[in-house]
Number of protein chains: 2
Amino acid sequence: MLISTKGRYALRILIDMAEHQTAGCITLQEIAQRQDISEKYLESIVRELVKKGIVAGQRGKGGGYRLCRSPEQITAAEVLRIMEGSLAPVACLTEGAAPCRKAAQCRTLDFWRGLRDVIDDYARSCTIADMMQTGGDGDDYII
Amino acid sequence: MLISTKGRYALRILIDMAEHQTAGCITLQEIAQRQDISEKYLESIVRELVKKGIVAGQRGKGGGYRLCRSPEQITAAEVLRIMEGSLAPVACLTEGAAPCRKAAQCRTLDFWRGLRDVIDDYARSCTIADMMQTGGDGDDYII
DNA sequence: TCTTATTCCTACTATACTCGTAGGAAAGTA
DNA sequence: TACTTTCCTACGAGTATAGTAGGAATAAGA
């Protein structure tokens with residue numbers, strides 16, 4: 001029941017970008033160095049964020065990435081849903097899944113729905129801006 | 001971020017046992033038939049529950065399993081923690097994990113702690129007895 | 001005692017997923 | 001043109017999930 005590195009790194013990347021935001025672009029190389037994540041692996045994560053309109057990329061010299069929205073407008077739920085595919089704890093509650101044939105008789109469905117809801121409510125209540133307020137002083141992260 | 005079949009099945013098994021509780025024992029075969037889960041796979045799940053004192057096994061003819069506690073006293077959190085190893089969403093918050101060197105500087109740690117807490121609070125608030133009250137009329141489950 | 005039913009235990013396997021790596025094409029700047 | 005940067009496709013090692021297989025130990029009953 002662990003969040004994968006993709007989800008965890010995506011949050012770190014976005015916090016990093018928000019903290020080092022300037023008029024121009026931020027390159028993958030910068031982020032990779034600060035966050036100590038392989039540039040190539042970062043690439044695959046950022047690509048997902050580009051595809052979903054969270055960040056925008058600009059190619060060529062002087063290029064890089066920038067946030068498409070302010071950190072206040074990016075929730076953890078949105079980011080994690082993009083990277084993990086879904087925040088649902090069981091397959092039958094993933095977005096787009098076919099409704100279960102026996103849902104009406106299922107003794108556990110209500111429990112899983114409740115779990116999904118508390119996770120979703122919490123993650124929607126927390127933004128990149130909120131995370132910038134927490135923790136210490138540097139660019140140091142572990143998880 | 002999915003709960004594995006072990007965790008999901010364990011809840012179904014315990015609900016099944018609670019609903020079909022008698023003076024004697026319930027055999028794996030019965031549960032396997034009602035729940036439509038392979039007897040062999042059930043075995044590996046129930047063994048974990050025996051080891052942790054949730055159910056007790058009795059060998060030989062007329063043997064089987066029975067709950068060691070009333071359904072009101074078995075929480076989802078306890079069962080899922082046994083089967084999944086932990087309910088923590090990130091490795092650095094799993095029980096017994098070494099505290100992270102840079103925890104003080106981490107921008108995301110507070111978020112993960114909060115997520116762990118809402119999951120844990122919710123799962124501790126729900127018991128096997130609660131789940132018996134929900135859903136429909138039969139022994140039918142899917143997830 | 002012999003048979004049968006049941007849990008208990010160890011080992012194995014196929015598949016999928018996670019966590020990356022590698023190489024190069026496309027596009028933009030100077 | 002030269003350089004930098006994103007974009008795209010493919011591959012690979014390691015690990016976890018979801019089981020399966022076979023048999024030993026134990027208990028009840030004929």
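All figures in this text were calculated on a predicted structure; none of them were measured in a lab. Just so it is clear: chains get the letters A, B, ... in the order the sequence lines come, proteins before strands, and each one is counted from 1.
Rounded to an integer number of Å, the gap from A:Glu39 CD to D:dT5 P is 9 Å. Distance CE (B:Met83) to P (D:dT17): 11 Å, rounded to an integer number of Å. D:dT17 atom P lies 11 Å from atom CG of B:Leu2, rounded to whole Å. One can place CE of B:Met1 at 18 Å from P of C:dC17, the figure rounded to the nearest angstrom. For the pair B:Arg59 CZ and C:dT7 P, the computed distance is 11 Å after rounding to whole Å. Going from atom NZ of A:Lys51 over to atom C1' of D:dC7 covers 11 Å, rounded to whole Å. The CD atom of B:Glu48 sits 14 Å away from the P atom of D:dA18 (whole-angstrom rounding). B:Lys40 has its NZ atom 13 Å from the C1' atom of C:dC12, to the nearest Å.
Each of A:Gly62 and A:Ile3 was assigned the nucleotide of DNA chain C with the nearest heavy atom; the assignment lying further toward the 5' end belongs to A:Ile3. In this structure, A:Lys61 and B:Lys61 both approach DNA chain D, and ranking their closest nucleotides by distance from the 5' end singles out A:Lys61.
Using a cutoff of 4.0 Å between basic side-chain nitrogens and carboxylate oxygens, A:Glu19 and A:Arg34 are not scored as salt-bridged.
Listed nucleotides: C:dG20, C:dC8, D:dA18. Nearest to the side chain of A:Tyr9: C:dG20. The side chain of A:Arg47 approaches D:dC8 more closely than any other nucleotide in the set C:dT29, D:dC8, C:dT10. Each of C:dT21, C:dT6, D:dT5 was ranked by its minimum atom distance to the side chain of B:Thr27; first place goes to C:dT6.
The two residues B:Cys25 and B:Gln58 have their closest heavy-atom pair at SG-CB, 4.1 Å.
Within a 6.0 Å sphere centred on CZ of A:Arg66, other residues, nucleotides and ligands contribute 12 heavy atoms or fewer.
Using a 4.0 Å heavy-atom criterion, one finds that B:Gly57 contacts the sugar-phosphate atoms exclusively.
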*Begin from the C-alpha positions of B:Arg81 and B:Asp120 and carry the test salt bridge (charged side-chain N to carboxylate O under 4.0 Å, His left out) through to its verdict.*
CA-CA 10 Å; B:Arg81 213 184 299 276; B:Asp120 203 59; 2.5 Å; yes

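At the phosphate of C:dC17, neither OP1 nor OP2 sits under 4.0 Å from any side-chain N or O atom of A:Ser4. Put simply, B:Tyr41 has no side-chain N or O that comes within less than 4.0 Å of OP1 or OP2 on D:dA21.
Side chains of A:Ser70 and A:Glu72: a donor on one and an acceptor on the other come within 3.5 Å.
A:Glu43 contributes a side-chain N or O that forms a donor-acceptor pair with the base of D:dC8 under 3.5 Å.
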